[in-house]
K.L.:
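So that we are looking at the same thing, I have put the structure below in structure tokens.
Residue numbers start from 1 in every chain, and the chains themselves are labelled A, B, ... in the order their sequence lines are given, proteins ahead of strands.
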Amino acid sequence: MSTTLSIEHLTIDLPPGADRPHAVDDVSFAIDKGEILCVVGESGSGKSMTANALMGLLPPGVKVRAGRALFESRDILKLPEAEKQALRGARIAMIFQEPMTALNPLMRIGDQIAEVFAAHDRFTTAERRKKALALITEVGLPDPEKIIRAYPFQLSGGQRQRAMIAMALALEPKLLIADEPTTALDVTTQAQILKLILDLRDRRGMAVMFITHDFGVVAEIADQVIVMREGRVVERGTAARVLEQPEHPYTQRLLEAIPTGKLPQARAVPQEPALEIKALRKTYRTGGGLFKPVREVRAVDDVSLTVARGEVLGLVGESGSGKSTLGRTAVRLVDPDGGQVLVGGTDLAALSEQDLRAQRHKVQMVFQDPYASLNPRQKIMGALTDGPIAKGVPRAQAQSRARELLEIVGLGADAAERYPHEFSGGQRQRIGIARALAMDPELIIADEAVSALDVSIQAQVLDLLRDLRERLSLSILFITHDLRVAAQLCDRIAVMQKGRLVEIGTVHQIFLTPQQDYTRQLLAAVPGADWADSWQQQAAGA
Amino acid sequence: MSVFIVIVSRLAKAALTLLAIAILNFLLLHAAPGDPALVLAGEAGAADEQMIAQLRERFGLDQPFYVQLGKYVGSILQFDLGYSFRQGAPVSQLIMDRLPATLLLTLTAFVISLVFGIALGVGAAARVGRASDSLLTTLALLFYATPLYWLALMAVLVFSVWLGWLPGFGYETVGANLTGLARALDIGRHLVLPALTLGLFFMAVYMRMTRASMLEVSQLDFVKTARAKGLSDAVIRRRHILRNAILPVVTLAGLQAGQLVGGAVLTETVFAWPGIGRLMFESLAARDYNTILGVFLVSAAMVILFNIVTDIVYRIVDPRIGARA
Amino acid sequence: MWKRFSSNMGAMVGVVLLLAVIVVALTAPLLFPNGPWQMVQRPFLAPMAVDGLPLGTDTLGRNVAAQLAYGARVSLLVGLVSTLVALLIGVPLGALAGFYGSWVDEGAMRFTEFFQTIPNFALAIVLVAIFEPSLASITIAIAIVSWPPVARLVRAEVMSVRKREFVDAARLAGLTRPRILLTQVLPNTVSPIIVMASLMVATAILLESSLSFLGLGDPNAMSWGYMIGAARTVIRTSWWLSFFPGIAIVITVLALNLIGEGLNDAFNPHLSRRRARAGKEKA
Amino acid sequence: MTYLKATTFLIAAALAAPVAAQQAGGRLDIVVQPEPPGLMLGLVQNGPTQLVAGDIYESLLRYDTDLVPQPSLAESWTISDDGLVYTFTLREGVTWHDGTPFTAADVVFSADVFLRETHARLRSSLAYVDSITAPDDLTVVFTLKEPFGPFINAFETGTMPIVPKHIYDGTDYANNPANATPIGTGPFKFEAWEKGSYIHLVKNEDYYIDGLPYLDEVFYRVIPDAAARAVAFETGEVDVLPGGSVENWDVPRLTQMDNVCSTGNGWEFFAPHAWMWLNNREGPTADAKFRQAVMYAMDREFVKDVVWNGYGKVATGPISSKTNFYSDDVTIYDHNPDKAKELLAEMGYDGTPVRLLPLPYGETWQRWAEAVRQNLSEVGINVEIESTDVAGWNEKTSQWDYDMAFTYLYQYGDPALGVSRNYTADRIQKGSPWNNVEGYDNPALDAKWAAAATMVTPEERAAAYLDIQKEIIDDVPVAWLLELEFPTIYRCDIKDLVTTGIGVNDGPRNAWIEK
């Protein structure tokens with residue numbers, strides 16, 4: 001096999017004042033024709049910078065310092081801008097993480113695809129349209145005639161990513177760079193896109209540089225793997241070798257941190273309910289003005305479930321399944337249309353605003369976005385004591401409890417006097433947990449509480465939650481889109497789809513003997529499921 | 001939602017707004033000391049009780065306040081702006097006489113400011129950080145900080161008095177009896193200074209805004225996509241960045257285009273431009289209620305009209321709006 | 001914050017210029033104890049023509065330098081107070097509309113739109129003419145025409161902050177809605193309000209000078225717009241009478257704009273940086 | 001001073017053939033400020049209307065700069081010895097602009113019917129009139145109830161414009177559609193009015209005096225901004241700046257230009273007299289000592305020199321030196337701050353602030369108010385200027401809501417027409433800014449004013465008015481300021497523009513342009 005791209009000793013400078021001098025430090029690798037190379041790393045590892053350098057799309061202030069990148073026997077790093085431009089889109093194409101923002105919102109899909117031809121001066125207008133239609137068909141978008149005239153906002157996330165891929169493939173590039181193309185997608189969509197990329201690779205024989213942080217994805221797709229950390233390659237090899245016999249400790253740590261399909265031992269859970277949800281309903285209506293038709297979305301459709309005291313119930317579903325709405329309705333951040341939310345015998349759903357305020361402390365929440373869940377203008381102490389003081393706890397007592405909790409979540413008491421911006425994402429999630437605990441709740445709802453974190457950080461926070469569950473015998477409703485994460489922490493799992501509860505059961509029931517098609521689909525879509533199982537079994541056996 | 005329905009619902013809302021404006025201004029004006037009878041009598045140099053009483057009766061000022069208000073609202077509802085007793089003509093006629101001049105001035109200024117503002121903003125954004133960008137932004141900031149009327153005075157001083165290139169005031173050469181193209185040219189020459197001074201400030205506004213918006217949009221992901229496609233910078237700027245960046249400028253411009261009509265008072269005063277801004281200012285001192293109210297209504301209607309037009313333009317430029325609603 | 005601001009050269013130029021204007025305004029009574037109205041010399045003296053009158057004299061032989069110094073007081077006072085009043089109207093209205101939504105929002109926004117529909121300079125003229133020109137009526141008129149953008153800005157900011165998760169957290173903590181609005185939401189809208197306020201002071205100074213220029217100034221307060229208005233009839237024979245106050249306005253307004261921009265940049269560090277971080281968070 | 005002589009004038013010779021040098025043709029651009037509210041002089045008599053409509057309408061007489069009556073629509077006239085019967089012989093062959101012949105019936109209709117209803121100022125003179133008759137088409141007889149010396153001054157165009165009976169008789173005058181296209185007998189015909197821009201008059205080819213007018217057309221240009229008006233004159237766009245149309249500061253500069261002439265003449269009939277109303281009813285201004293102190297405190301010479309550029313004359317009292325029966329044999333108030341302080345001390349002035357209402361007619365008046373405030377504050381009087389517009393000023397003065405208020409009024413040639421109205425107790429009436437606004441109430445003087453008006457011979461009247469002036473000037477009911485002079489600025493090649501006591505108002509009739 002011939003080498004499509006060969007990178008040698010690539011070093012990229014960061015602008016002065018950054019936290020390290022080089023974004024990428026002496027990196028070398030090669031991709032063969034028809035091969036998929038996965039570049040794996042956590043945020044800040046320099047994996048995207050490498051890709052951007054190849055495309056000549058480095059942000060201002062960031063410069064290639066040394067090294068070469070041989071492509072079609074030329075060093076593409078040193079090409080004049082005009083030639084780089086001719087290369088982009090034609091010989092090397094790239095797709096990005098955010099399909100929502102990566103398309104021009106004001107241009108029709110067809111035009112955006114045809115534009116690639118125009119940029120490289122190929123074909124007549126009519127031909128361009130025909131080619132665009134063919135591409136749309138090839139990437140598996142439904143109803144091409146309609147899609148070609150559609151605007152991006154009329155497409156779903158997966159469809160947009162397909163459209164992006166269509167654009168990238170337009171001129172049959174030799175190299176496709178995919179920068180976390182599935183990270184923002186639901187698992188089932190992700191599985192489809194991964195399959196599409198594999199198919200296209202097979203059909204066209206192009207080389208793919210696939211950037212990801214997810215070893216599950218690596219297992220699904222990679223031929224070769226390099227692992228990057230702080231700008232350096234720490235490990236390289238075939239996918240099978242790296243996944244099964246990681247050599248570098250960092251790789252090992254990363255692999256260990258991955259929530260796997262390994263099912264924890266089932267615990268005995270008392271049957272006393274901490275939270276009972278009965279026939280809960282919530283419908284969102286949009287429009288309904290003078291001339292607008294009313295659109296209804298049943299976000300939560302007649303759902304009943306119970307979280308027992310000391311139990312962790314996982315609530316799993318894809319985006320739009322209503323899982324978050326259910327969580328928010330349970331704490332009355334959203335008012336339900338019907339049903340009951342019973343906590344310690346009180347129906348939260350039926351309380352007046354004022355009565356509710358007195359009962360609020362019983363259910364607390366840990367939020368998804370560590371950057372949005374803390375008031376940037378309030379010290380941590382305030383965030384942790386506002387609630388208790390409002391509840392009637394004396395200030396001094398609330399403050400000493402706050403320090404105590406900060407110790408418990410592993411931050412140290414002096415964190416109380418600092419502002420949120422002084423903490424990292426993982427630390428903020430710990431603060432969020434401490435804040436929930438400060439209210440002495442009967443139940444905590446964790447809404448995608450680890451989804452925004454890097455794998456290794458995610459593992460730490462999960463450890464903390466597991467630890468707290470044991471120490472404080474917490475009841476937790478754990479909302480996540482990630483079945484693997486749910487399997488790690490939960491006693492039981494509830495699966496939601498389109499507002500309805502599809503299936504509920506113990507982790508073992510759900511993973512091993514799923515009763516519903518949808519659950520099975522979800523399980524099948526988990527990237528690297530097969531590999532993870534085998535590796536875990538192997539590890540367990542070893 | 002179709003554009004037609006948008007227009008209908010907006011017009012219905014606009015009618016209510018206009019009525020409210022009429023009533024509010026009516027109340028405001030009648031709260032002011034003095035009335036048109038006194039002013040008119042005052043200018044005659046002498047008057048007696050009988051004359052003032054006569055005038056008040058003619059103007060309908062002898063009636064109870066609520067009757068006056070009721071009558072006014074009644075006539076407004078019949079699209080009748082009333083009669084200016086001071087000028088001895090229907091208000092609608094007075095306004096129609098003056099409106100073309102104001103529209104000519106403001107629209108010219110508007111087009112100049114929008115076209116040049118956007119062009120310069122795009123240029124500055126393309127050269128961000130370089131000397132030409134600094135020069136343009138500094139100039140824009142200066143124009144932004146310069147009082148319009150002062151600039152107008154200086155312009156008259158330099159271009160009309162010292163250099164004698166352009167007429168310093170007026171709408172056309174009076175009594176020249178020009179027709180056709182010659183007249184248009186003549187009006188055009190008179191238009192240059194007022195339109196430029198009025199336009200400069202807004203040009204600065206649009207330039208700064210376009211520049212900022214261009215820079216912001218150029219950071220967005222889809223611009224990177226466009227780069228990755230191998231498009232040239234010029235095409236990216238024109239087709240991707242500008243089209244998106246122009247949306248907030250269009251919104252602002254739409255809001256201001258309407259305000260321009262009422263805000264041209266200063267320019268019209270300094271340049272003796274026979275427009276409705278001046279009509280309002282002159283009518284104010286004379287307490288010519290109907291005329292002031294008429295000007296207010298017409299300019300408010302302009303504001304609303306421009307807002308609706310902006311809305312429609314927005315809908316055409318941005319496909320998301322209509323669908324989302 | 002301050003570091004970013006102070007490293008912005010434009011902003012620092014603005015601060016220096018504004019400080020200079022403020023110092024002149026504050027020391028005016030010390031520098032010119034006889035006030036701006038005293039007729040001290042022959043009229044129409046050119047700048048530097050006579051010792052002690054560096055900027056010459058006006059149509060009545062009054063000291064232009066003294067007028068400029070006292071004018072700074074009026075400009076700054078009117079600019080500041082009218083902005084404060086506009087904020088007092090706009091911030092609560094926008095905050096309530098943005099926070100409570102539904103009919104409160106509907107009502108507040110209709111009200112705001114209504115004011116935005118009336119041509120605002122014309123409205124200011126009518127208001128001042130009707131309440132008769134005085135510092136109070138000018139200030140109020142300027143405030144009345146300038147609050148709607150504040151209300152809109154605050155509403156938009158509050159609506160965006162209100163969706164952030166820490167507001168949900170505060171609700172779960174059992175805080176009352178007014179308290180959440182005051183302690184959690186509003187503090188996070190302060191930066192854009194400050195930026196807008198600094199630009200509004202500039203606009204208010206321009207508005208005041210335009211009103212004075214049209215003869216709608218307070219006749220007992222010396223202001224720059226008044227000076228230009230009074231001097232425009234003699235602009236060709238005595239250019240300095242309208243030139244200096246014009247420059248004074250340009251400098252002050254420019255300074256405020258520079259500061260406003262500097263604050264804006266400091267509060268919103270470069271978009272690319274923010275985006276990069278946002279990208280990281282998702283990764 | 002010139003006293004009126006009640007004699008017969010025969011004027012055939014006065015209108016001898018024009019001098020050979022006079023050239024016909026040309027166009028005059030005259031500034032009019034502000035834009036007149038209407039041109040129907042019978043309905044509207046404000047300044048701008050008089051300026052423009054003075055070329056369209058005419059009255060029976062004109063007055064030269066010494067206020068001596070001259071023939072106009074009346075060819076000749078007689079006044080009976082008892083001063084009661086005024087007989088006018090009208091000119092033959094005069095037609096209205098629409099071709100209808102002009103007759104005595106038009107005069108009777110105008111004076112007795114139309115103007116009685118519409119013209120407040122004339123109405124007070126008509127109060128003395130017993131009957132107006134037209135024995136034949138060319139004769140009009142006014143019969144008075146009692147002698148009224150100034151009656152001969154009532155036949156000026158703005159005071160008694162003759163309007164066409166055939167158009168207005170029996171109609172609603174105010175709403176007659178013909179008001180938009182005024183029809184008169186004057187030397188110029190109304191052609192067009194571009195609102196906000198200009199009024200266009202064209203030569204009346206059928207004017208009853210052969211050769212007149214010389215000019216082909218006159219444009220009255222509306223330019224709202226004083227500075228723009230000055231520029232317009234500089235750039236040659238307008239030829240004539242009537243008095244008051246540019247700010248005083250511009251006058252010296254404009255008059256120093258090449259080929260620019262100016263004249264202070266043409267205001268004699270009006271004799272604009274400026275003073276400050278001092279509210280005699282309440283506050284410090286109710287005290288005569290305070291009012292005298294104000295007179296001494298003001299530096300009126302400074303104002304004349306600086307604010308008015310030397311135009312005008314410091315007023316000595318209520319009667320202008322241009323008006324009949326003026327005398328300077330009275331107490332003279334010079335600029336004497338010490339004396340003012342003395343008077344204030346005597347009176348025991350406690351520093352109560354007084355409000356000062358400037359006249360809202362532009363920069364000059366604003367500066368004047370500022371100068372007065374400075375003068376007064378230098379002798380220890382606290383003054384606050386109140387700012388207001390024309391409507392507010394009218395309201396405040398006519399409702400007596402002021403302490404001191406600037407004004408100026410016309411005198412129309414005779415104290416009985418334009419002076420006594422401001423000082424007699426019977427003219428203390430709320431609602432008008434032209435009567436005894438200050439509230440001065442002196443019954444002894446009231447009787448003297450009344451007597452002086454109805455005396456028959458000028459000599460008697462002169463003596464009576466001297467007596468009045470001496471007395472009233474010591475009382476200072478109002479603070480007299482200046483006899484205003486509004487210079488008319490024009491190109492020197494325009495000849496015979498200002499030949500009468502009303503100046504440019506009827507100037508284009510005789511004006512011609514030297515080529």
K.L.:
How far apart are the closest heavy atoms of D/Asp389 and B/Leu284, and which atoms are they?
P.N.:
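Nearest heavy atoms, D/Asp389 then B/Leu284: OD2-O, 4.0 Å.
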K.L.:
Whether B/Arg98 and D/Glu194 form a salt bridge (side-chain N of Lys/Arg under 4.0 Å from carboxylate O of Asp/Glu) is what I want to check.
P.N.:
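The answer is no: the pair does not qualify as a salt bridge.
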K.L.:
For the residue pair D/Gly392 and B/Arg287, what are the closest heavy atoms and their distance?
P.N.:
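Shortest heavy-atom separation between D/Gly392 and B/Arg287 comes out as N-NH2, 4.0 Å.
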K.L.:
Find the one option among D/Pro360, D/Ala391, D/Gly158 whose heavy-atom pairs under 4.5 Å with chain B are most numerous.
P.N.:
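So the answer, after comparing D/Pro360, D/Ala391, D/Gly158, is D/Ala391.
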K.L.:
Would you compute the distance between atom CZ of B/Phe271 and atom CD1 of D/Ile223 and round it to the nearest 0.5 angstrom?
P.N.:
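B/Phe271 CZ to D/Ile223 CD1: 14.0 Å, rounded to 0.5 Å.
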K.L.:
D/Ala232 versus chain B, heavy atoms under 4.5 Å apart: side chain, backbone, both or neither?
P.N.:
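Answer is both: backbone and side chain atoms of D/Ala232 are under 4.5 Å from chain B.
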K.L.:
Measuring only between side-chain heavy atoms, which start at C-beta, is D/Val222 closer than 4.5 Å to B/Glu282?
P.N.:
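Side chain of D/Val222 against side chain of B/Glu282, heavy atoms only: no contact under 4.5 Å found.
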K.L.:
Which region of B/Leu94, side chain (C-beta onward) or backbone (N, CA, C, O), has a non-hydrogen atom less than 4.5 Å from a non-hydrogen atom of chain D, or is it both or neither?
P.N.:
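Side chain of B/Leu94 only, per the 4.5 Å heavy-atom cut-off to chain D.
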K.L.:
Identify which of B/Leu153, B/Thr269, B/Asp97, B/Val156 forms the greatest number of heavy-atom pairs closer than 4.5 Å to chain D.
P.N.:
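Of B/Leu153, B/Thr269, B/Asp97, B/Val156, B/Thr269 has the most heavy-atom pairs under 4.5 Å with chain D.
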